[in-house]
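Only one structure is covered here, and it is reproduced in the block below.
In what follows, chains are A, B, ... by sequence order, proteins preceding strands, each numbered from 1. Note that the structure is predicted; figures quoted are calculated from it, not measured.
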There are 2 protein chains.
Amino acid sequence: MAGQQPTLRAQRRAETQHAIQTHAVRLFRERGYDATTVADVADAAGVSPMTVYRHFPTKEDLVLVDQIGALVADRIAASPATRTLVGRIGGALVDAATALTGEDPESEGKFLLARTQLMISTPALRARHLDNQYLLQRAVVDALGDDVADPDAVFRAQAATSACLAALHTALVRWAEDDGRSALPELIAQALTASFGDDVLDHRR
Amino acid sequence: MAGQQPTLRAQRRAETQHAIQTHAVRLFRERGYDATTVADVADAAGVSPMTVYRHFPTKEDLVLVDQIGALVADRIAASPATRTLVGRIGGALVDAATALTGEDPESEGKFLLARTQLMISTPALRARHLDNQYLLQRAVVDALGDDVADPDAVFRAQAATSACLAALHTALVRWAEDDGRSALPELIAQALTASFGDDVLDHRR
DNA sequence: CTCCAAATGTTAGTGACTACCAAGTTGGTA
DNA sequence: TACCAACTTGGTAGTCACTAACATTTGGAG
């Protein structure tokens with residue numbers, strides 16, 4: 001399910017999807033979310049409005065859908081089970097942020113910043129900022145392996161995920177307000193240590 | 001602001017508003033929320049679609065807008081400041097529920113039940129079940145009087161309100177699932193005592 | 001090469017919601 | 001009582017998010 005060879009069709013599909021979302025975020029920031037129609041986005045991306053809807057069920061999803069969830073989920077699954085849950089989740093968040101913001105400035109980092117600022121400044125989107133939470137919830141539960149049978153373990157996983165996401169949210173808001181001048185991974189680490197103590201991420205230092 | 005004499009104009013306005021909302025909730029329950037158009041509601045209420053939108057900005061508001069918030073707020077403000085915050089809020093909730101469900105069955109109680117069941121069973125509405133929370137938040141802060149200057153007092157008020165609303169939510173869900181057979185005030189009291197101990201509402205017993 | 005399925009486009013439509021203008025009512029006031 | 005201003009409503013036309021149905025092209029597997 002994860003290591004499928006990238007067929008040409010899937011590649012094209014990913015390209016279209018990426019183009020649509022990039023142009024959407026750009027237009028939303030330039031003209032405002034409400035002042036930009038889905039048709040505008042379609043024109044800018046060089047596709048028909050129908051294609052936009054086939055890739056993103058609603059206009060909100062143009063901003064909300066992300067690949068980061070899967071990125072973080074993979075890192076959680078790959079992290080050693082000997083660490084604490086919060087340590088594994090938090091570490092995955094920091095790692096993912098490092099990977100995303102560390103590349104050349106014109107790349108994913110800038111897009112992530114624009115997307116975050118858009119989500120925070122647009123009322124309709126702000127309310128759904130944590131909607132993708134379920135992706136991480138599932139990843140954490142999956143990472144637990146066979147412990148899923150234990151209800152307590154599942155509850156602990158959900159609690160840990162929620163807490164980590166709250167820290168992530170804090171860091172993202174700060175990062176967006178700072179216009180990306182601070183380093184996102186450090187902000188996340190700060191928020192995590194503020195909540196869980198200095199030694200949460202010790203495994204990585 | 002509160003004791004205005006009900007002029008004829010305001011009375012008519014309240015009547016149309018009430019008629020629209022009553023027919024809306026009835027139709028939504030009969031045919032489903034999505035399968036009922038605003039035009040259908042307008043027809044049933046004997047007004048034009050424009051009039052519906054003037055009274056209720058969005059279709060969701062046809063279900064969400066209520067007078068209960070104000071009812072509870074008044075009771076909170078009138079309650080003695082010597083009681084605990086949770087006691088005052090909880091007592092107001094129980095009192096309001098008693099007033100609403102105690103009347104003749106064809107009246108407000110039945111409407112409240114239908115409205116609650118609708119909100120719980122409709123995904124688009126369920127997410128906004130606690131949207132009117134701010135009404136109570138304001139009422140509680142107002143009831144605090146001059147303590148508003150104290151940030152701690154405001155935080156305590158918000159925490160107490162949230163906790164009481166969670167209990168109210170639990171009670172409402174149970175009431176709706178029970179199809180109104182249980183007594184709503186008792187369900188609320190149960191949920192409150194489960195969270196805050198047997199003596200929360202003692203002042204009233 | 002052939003055939004299937006995925007991806008896109010086109011068209012037509014539904015329905016929530018808004019802007020603008022016209023007409024009738026109400027409530028206070030000269 | 002007569003009148004004016006504000007309120008309430010209706011109608012028309014339009015925008016825009018979103019859907020359904022059908023036709024067309026193109027990548028992939030046998």
Quiz item: Looking at C/dC17, C/dT25, D/dG27, which one has an atom nearest to any side-chain atom of B/R9?
Solution: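 The listed nucleotide nearest to B/R9's side chain is C/dT25.
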
Within the pair [X] and [N], is there a side-chain N or O less than 4.0 Å away from OP1 or OP2?
{"X": "A/S48", "N": "C/dG9", "result": "yes"}
{"X": "A/T7", "N": "D/dG28", "result": "yes"}
{"X": "B/T16", "N": "D/dT9", "result": "yes"}
{"X": "A/H55", "N": "C/dA7", "result": "no"}

Tell me: [atom1] of [X] to [atom2] of [N], nearest whole Å?
{"X": "B/D40", "N": "C/dA16", "atom1": "CG", "atom2": "C1'", "value": "13 Å"}
{"X": "A/R31", "N": "D/dC16", "atom1": "CZ", "atom2": "P", "value": "11 Å"}
{"X": "A/Y53", "N": "C/dG9", "atom1": "OH", "atom2": "P", "value": "14 Å"}
{"X": "B/Q17", "N": "D/dT8", "atom1": "CD", "atom2": "P", "value": "10 Å"}
{"X": "A/K59", "N": "C/dC17", "atom1": "NZ", "atom2": "C1'", "value": "13 Å"}
{"X": "B/F56", "N": "D/dT9", "atom1": "CZ", "atom2": "P", "value": "11 Å"}
{"X": "B/R54", "N": "D/dG11", "atom1": "CZ", "atom2": "P", "value": "11 Å"}
{"X": "A/D61", "N": "D/dA17", "atom1": "CG", "atom2": "C1'", "value": "13 Å"}

Quiz item: Looking just at side-chain N and O atoms, do B/D95 and B/T98 make a donor-acceptor pair shorter than 3.5 Å?
Solution: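 On atom types as modelled, these side chains do not qualify, holding no pair under 3.5 Å.
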
Quiz item: Would you say the side-chain atoms of A/Q21 and A/D66 include a donor-acceptor pair closer than 3.5 Å?
Solution: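 No, A/D66 and A/Q21 have no side-chain donor paired with an acceptor closer than 3.5 Å.
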
Quiz item: So, the side chain of A/S195 versus the backbone of A/L192: is there a donor-acceptor pair under 3.5 Å, distance only?
Solution: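 No: the side chain of A/S195 does not pair with the backbone of A/L192.
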
Quiz item: If you pin A/T51 and B/T37 to their nearest nucleotides in DNA chain C, which one's is more 5'?
Solution: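 Residue closer to the 5' terminus by nearest nucleotide: A/T51.
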
Exercise. Report the residue (B/R12 or B/M50) whose heavy-atom-nearest nucleotide on DNA chain C is the more 5′ of the two.
Key: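 The residue closer to the strand's 5' end, by nearest nucleotide, is B/M50.
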
Quiz item: How is B/R13 classified with respect to the nucleic acid when contacts are heavy atoms under 4.0 Å: base, sugar-phosphate, or nothing?
Solution: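 Touches sugar-phosphate only.
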
Quiz item: Would you say the side chain of A/V25 lies within less than 4.5 Å of the side chain of A/L62, judging by non-hydrogen atoms?
Solution: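 No - every pair of side-chain heavy atoms lies 4.5 Å or more apart.
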
Exercise. Would you indicate whether A/R12, at its atom CZ, is surrounded by more than 12 heavy atoms from other residues, nucleotides or ligands within a distance under 6.0 Å?
Key: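 No, because the 6.0 Å sphere around CZ of A/R12 holds 12 heavy atoms or fewer from other groups.
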
